[in-house]
J.: 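Input: one structure, supplied below.
The chains referred to below are lettered A, B, ... by the order of the sequence lines, with proteins before strands, and numbering in each begins at 1.
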2 protein chains.
Amino acid sequence: MELDGEEVDRLFHALADRTRRDILAQAMTGDHSVSALARRYPFSFAAVQKHVAVLEKAGLVTKQKHGREQRVVTNIQAIERARTLLDHFERLWVERLERFEAVLEEED
Amino acid sequence: MELDGEEVDRLFHALADRTRRDILAQAMTGDHSVSALARRYPFSFAAVQKHVAVLEKAGLVTKQKHGREQRVVTNIQAIERARTLLDHFERLWVERLERFEAVLEEED
DNA sequence: ATAATCTACAACTAAATGGTTGTAGATTCT
DNA sequence: AGAATCTACAACCATTTAGTTGTAGATTAT
């Protein structure tokens, strides 16, 4: 598993904004159109539309057309992906600790 | 647990850069000074120093002075924190699924 | 003592980010 | 048919970001 790549950049960058995290949380709990989401924030429709686009490029959401509306649907796999990446970081740390403990064992 | 706040912004933003993720991975596997880290990248010392500062403000690393060196040490709790935040997102999604399933049960 | 190394920080630049307004095409409502 | 709604996208602006070079203070090595 690679910890580099622009895909990962986009994923964490999308999560690094309060409004986008809130939009994502909204989309997690129910289906909302872009304009329904936009009404919840003190920003223009276009601003919220851009945030959704950032989430979409990060793979965190997709859009489904329903008539004139565009429903924002979460992609739970992208969250799993982010978690897996963090797990790999943690493992590096744990493995180092284990190596350290192995050395202590030898010293006995 | 809050999913908002500038602290969280800083955390995910720090992770949203390939070089910083790599620096973090290096710091996870062993102790390195800032200049030792800087030598591994095709950037100036100052650039790497800034990346470390971003990681530090995000709480992902701390610095420990050893003589003229500054050792970069990871703070595993910050990674745990990020994982916990992602877990909360996932839970929103799962809870929604459960509500949905409960409705289906009722219909029987 | 002097030179080399490590760090901190300021000043600068180009590009990206997050917001705005405005225009225009689809779709739905009356 | 005409009005209202939803979306897409361009153009613009202010701020932040990620890089640079340069200067200066502390510490270590010769």
Side-chain angles (χ1 to χ4, degrees), chain A residues 3-27 30-74, chain B residues 3-27 30-74:
Chain A
L3 274 69
D4 54 340
E6 300 191 5
E7 172 210 347
V8 184
D9 286 13
R10 281 192 293 271
L11 184 52
F12 285 119
H13 172 253
L15 292 167
D17 180 279
R18 179 192 164 135
T19 302
R20 281 196 293 266
R21 285 192 302 274
D22 199 76
I23 289 173
L24 190 59
Q26 295 300 324
D31 285 349
H32 305 277
S33 68
V34 178
S35 53
L37 287 168
R39 277 181 226 113
R40 314 182 101 255
Y41 304 97
F43 303 118
S44 66
F45 169 79
V48 174
Q49 196 181 27
K50 278 193 189 178
H51 279 307
V52 172
V54 170
L55 290 168
E56 195 177 14
K57 275 168 194 156
L60 283 160
V61 305
T62 56
K63 287 186 287 188
Q64 290 181 356
K65 211 170 192 173
H66 282 257
R68 68 184 161 188
E69 292 188 342
Q70 209 60 290
R71 303 270 175 80
V72 178
V73 179
T74 56
Chain B
L3 275 70
D4 54 339
E6 300 190 5
E7 172 211 348
V8 184
D9 286 13
R10 281 193 293 271
L11 185 52
F12 284 120
H13 173 253
L15 292 168
D17 180 278
R18 179 193 163 135
T19 304
R20 281 195 293 267
R21 285 193 302 276
D22 199 76
I23 289 172
L24 190 57
Q26 294 301 324
D31 285 348
H32 305 277
S33 68
V34 178
S35 53
L37 287 167
R39 277 181 227 115
R40 314 182 101 257
Y41 304 97
F43 303 119
S44 66
F45 169 80
V48 174
Q49 195 180 28
K50 278 193 188 178
H51 279 307
V52 171
V54 170
L55 291 168
E56 195 177 14
K57 276 168 194 154
L60 283 160
V61 305
T62 55
K63 286 185 289 187
Q64 291 180 355
K65 211 171 192 173
H66 281 258
R68 67 185 162 186
E69 290 188 344
Q70 208 63 287
R71 302 271 175 79
V72 178
V73 179
T74 56

J.: By the 4.0 Å heavy-atom rule, please label B/Arg39 as base, sugar-phosphate, or nothing.
T.: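 Answer is sugar-phosphate: B/Arg39 comes under 4.0 Å of backbone atoms only.
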
J.: C/dG18 P sits how many Å from A/Arg18 CZ, rounded?
T.: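 Distance, rounded to whole Å: 15 Å.
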
J.: Rounded off to whole Å, could you give me the CG-to-C1' distance for the A/Leu37 and D/dC6 pair?
T.: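 The distance from CG of A/Leu37 to C1' of D/dC6 comes to 13 Å, rounded to the nearest Å.
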
J.: At under 4.0 Å between heavy atoms, what does A/Ser44 touch on the DNA or RNA strands: base, sugar-phosphate, or nothing?
T.: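 Base contact.
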
J.: Choose from D/dA4, D/dT20, D/dT28 the nucleotide whose nearest atom is closest to any side-chain atom of B/Arg68.
T.: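 Taking heavy atoms from C-beta onward, the closest nucleotide is D/dT28.
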
J.: Please check if the side chain of A/Arg71 supplies one atom and the backbone of A/Gln64 the other of a donor-acceptor pair under 3.5 Å.
T.: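 Answer holds: no.
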
J.: Between A/Gly67 and A/Phe45, which is nearer to the 5' end of DNA chain C once each is assigned its nearest nucleotide?
T.: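 Closer to the 5' end of DNA chain C: A/Phe45.
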
J.: Between B/Ser35 (side chain only) and B/Ala38 (backbone N and O only), is there a donor and an acceptor less than 3.5 Å apart?
T.: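 Checked: no pair found.
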
J.: Rounded to whole angstroms, how far apart are CD1 on A/Ile23 and C1' on C/dG19?
T.: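 Atom-to-atom, A/Ile23 to C/dG19, this comes out as 13 Å.
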
J.: Donor-acceptor pair, A/Arg10 side chain versus A/Leu55 backbone, under 3.5 Å?
T.: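 Between the backbone of A/Leu55 and the side chain of A/Arg10 there is no qualifying donor-acceptor contact (under 3.5 Å).
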
J.: Run the side chain to side chain contact (heavy atoms under 4.5 Å, CB included) check on A/Val72 and A/Val34 step by step: do they pass?
T.: CA-CA 7 Å; A/Val72 178; A/Val34 178; 3.9 Å; yes

J.: To the nearest angstrom, how far is A/Leu55 atom CG from C/dG18 atom C1'?
T.: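 Atom-to-atom, A/Leu55 to C/dG18, this comes out as 14 Å.
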
J.: Mark yes or no for whether B/Arg20, through its side chain, and B/His13, through its backbone, hold a donor-acceptor pair below 3.5 Å.
T.: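 Judged by distance alone, yes, a pair lies under 3.5 Å.
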
J.: Closest nucleotide of DNA chain C for B/Val34 versus for A/Val48: which of these residues is on the 5' side?
T.: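 Between the two, 5'-proximity favours B/Val34.
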
J.: Counting the atoms with a prime plus P, OP1 and OP2 as sugar-phosphate, which does A/Lys63 contact under 4.0 Å by heavy atoms, base, sugar-phosphate, or nothing?
T.: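 Sugar-phosphate contact only.
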
J.: In whole angstrom, what separates B/Gln49's CD from C/dA8's P?
T.: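 In whole Å, C/dA8 P and B/Gln49 CD are 5 Å from each other.
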
J.: Quick one: A/Glu69 CD to D/dA4 P, roughly how many Å, whole number?
T.: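 Roughly 19 Å, once rounded to whole Å.
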
J.: Just the rounded figure in Å: distance from P of C/dG25 to NZ of A/Lys65.
T.: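 After rounding, the gap between these two atoms is 14 Å.
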
J.: Any sub-3.5 Å donor-acceptor pair from B/Gln70's side-chain atoms to B/Lys65's backbone N or O?
T.: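 Present.
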
J.: Does a side-chain N or O of A/Thr19 approach OP1 or OP2 of C/dG18 to a distance below 4.0 Å, or not?
T.: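 Negative; the distance criterion is not met.
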
J.: Check every atom of D/dT20, C/dT20, D/dA8 against the side chain of B/Ala47 and return the nucleotide holding the closest atom.
T.: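 Minimum distance to the B/Ala47 side chain belongs to D/dT20.
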
J.: When rounded to the nearest 0.5 angstrom, what distance separates CD in B/Glu56 from CG in B/Leu60?
T.: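 One finds 11.0 Å between CD of B/Glu56 and CG of B/Leu60.
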
J.: Given atom CG of A/Asp9 and atom C1' of C/dT17, what is their separation to the nearest angstrom?
T.: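 One finds 15 Å between C1' of C/dT17 and CG of A/Asp9, rounded.
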
J.: Please write out the pairs of protein N or O atoms and N or O atoms of nucleotides 16-18 of chain D separated by less than 3.5 Å, giving the distance to one decimal.
T.:
{"from": "D/dA18", "atom 1": "OP1", "to": "B/Arg20", "atom 2": "NH2", "distance (Å)": "3.2"}
{"from": "D/dA18", "atom 1": "OP2", "to": "B/Arg20", "atom 2": "NH1", "distance (Å)": "3.3"}

